[in-house]
Amino acid sequence: MTIKTLSDLFIHDLSDIYSAEKQISRALPKMARASTDKKLAKAFEQHLEETRGQIDRIDQLVEVTDSVHIKRMKCHALEGLVEEAQEIIDSVEAGPIRDAGLIGAAQKVEHYEIAAYGTLRALAFKLGYDDAAKLLSETLEEEKATNDKLNSIAEQQS
């Protein structure tokens with residue numbers, strides 16, 4: 001996709017995070033099953049539900065913004081982060097060390113999403129897509145809350 005305008009950049013970044021959310025929705029069940037800490041597994045399951053809602057919110061954003069259409073693309077950054085999480089699952093014995101690795105992997109994803117949604121929200125405001133910006137703000141706040149929850153779980157682990 002050629003990017004020549006702020007609108008093009010917004011569509012590119014939105015398409016990228018849409019792909020990322022789809023990849024996350026496939027990775028979270030695996031991460032939940034690989035967790036031995038019940039709070040962590042539950043956090044992954046809860047975030048899966050949020051992720052599904054975030055995908056729906058992007059669809060809603062496209063509906064309320066006439067000139068925005070999602071492009072088919074793959075988020076390579078998220079693909080790499082998911083591969084890292086899978087490596088932890090495959091190479092670390094089930095238990096607290098794997099759980100700690102999964103928390104780290106999940107937080108890398110959250111930080112990526114926080115950056116992506118923050119950028120998208122700023123672009124939406126700049127482009128006058130106020131309804132889209134509100135939807136993006138909701139998702140941004142969810143991502144920050146998930147990151148905080150993961151921090152809390154990490155600090156409680158022995």
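In this structure, the separation between CD1 on Ile3 and NE2 on His12 is 4.5 Å, given to the nearest 0.5 Å. Taken from CD in Gln60 to CG in Leu135, the straight-line distance is 5.0 Å, to the nearest 0.5 Å. Between atom CG of residue Leu40 and atom CD of residue Glu45 there is a gap of 10.0 Å, rounded to the nearest 0.5 Å. Taking CG of Leu61 as the reference point, atom CD of Glu138 lies at 10.5 Å (rounded to 0.5 Å). If you take CG on Leu140 and CD on Gln54, they are separated by 10.0 Å, rounding to the nearest 0.5 Å.
In plain terms, the two heavy atoms of Ala132 and Thr65 that are nearest each other are CB-OG1, 3.8 Å. In terms of heavy atoms, Ile17 sits closest to Ala116 at CD1-CB, 3.7 Å. In plain terms, the two heavy atoms of Ser67 and Ile11 that are nearest each other are O-CD1, 3.8 Å. Closest heavy-atom contact between Ala34 and Asp99: O-OD1, 4.2 Å. Between Ala106 and Leu150, the shortest heavy-atom contact is CB-CD1, 3.7 Å. What you find for Ser15 and Lys71 is that their closest heavy atoms are OG-N, 2.8 Å.
Residues Ser19 and Leu78 are not in side-chain contact: their nearest non-hydrogen atoms beyond the backbone lie 4.5 Å or more apart. The closest side-chain heavy-atom distance from Asp59 to Tyr18 is below 4.5 Å. Contact of the His47 side chain with the Lys149 side chain is not registered, since no non-hydrogen atoms from C-beta on lie closer than 4.5 Å. Between Asp90 and Glu87 the shortest side-chain heavy-atom distance does not fall below 4.5 Å. Counting heavy atoms from C-beta on, the side chains of Tyr129 and Ser7 come closer than 4.5 Å.
With respect to the salt-bridge test (charged N to carboxylate O, under 4.0 angstrom), the residues Arg57 and Glu142 qualify. With respect to Glu49 and Arg52, a salt bridge is recorded, a charged nitrogen being found less than 4.0 Å from a carboxylate O.
Using a distance-only test at 3.5 Å, with no hydrogens or angles considered, a donor-acceptor pair links the side chain of Asp8 to the main chain of Thr5. Under a 3.5 Å cut-off, the side chain of Asn147 and the backbone N or O of Glu110 do not form any donor-acceptor pair. When atom types are taken as modelled, the side chain of Gln23 and the backbone of Glu79 share a donor-acceptor pair closer than 3.5 angstrom. At distances below 3.5 Å, at least one donor-acceptor pair connects side-chain atoms of Ser35 with backbone N or O atoms of Met31.
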key: Criterion side-chain contact (heavy atoms from CB on, under 4.5 Å) on Glu143 and Glu50, from CA distance to verdict   = CA-CA 9 Å; Glu143 300 299 359; Glu50 275 184 355; 5.7 Å; no
query = Going through the checks in order, is the salt bridge (charged side-chain N to carboxylate O under 4.0 Å, His left out) test met by Glu141 and Lys144?
reply = CA-CA 5 Å; Glu141 292 310 311; Lys144 289 177 180 178; 3.7 Å; yes
ask   = Could you walk me through whether Gln107 and Asn151 pass the side-chain contact (heavy atoms from CB on, under 4.5 Å) check?
value = CA-CA 8 Å; Gln107 286 192 288; Asn151 273 334; 2.8 Å; yes
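Linking ILVMFWY side-chain heavy atoms closer than 4.5 Å, directly or via other members, places Leu136 and Phe125 in two distinct hydrophobic clusters.
A donor-acceptor pair shorter than 3.5 Å can be found between the side chains of Ser152 and Gln156.
Arg98 is linked by a salt bridge (charged side-chain N to carboxylate O under 4.0 Å, His left out) to nothing, counting only residues two or more places apart in sequence or in another chain. For the ring pair (Phe, Tyr, Trp, His ring centres under 6.0 Å) test, no residue two or more places apart in sequence or in another chain qualifies with Phe44. Legend: residues meeting side-chain hydrogen bond (donor to acceptor under 3.5 Å, both in side chains) with Arg26, ordered by chain and number and at least two apart, are absent.
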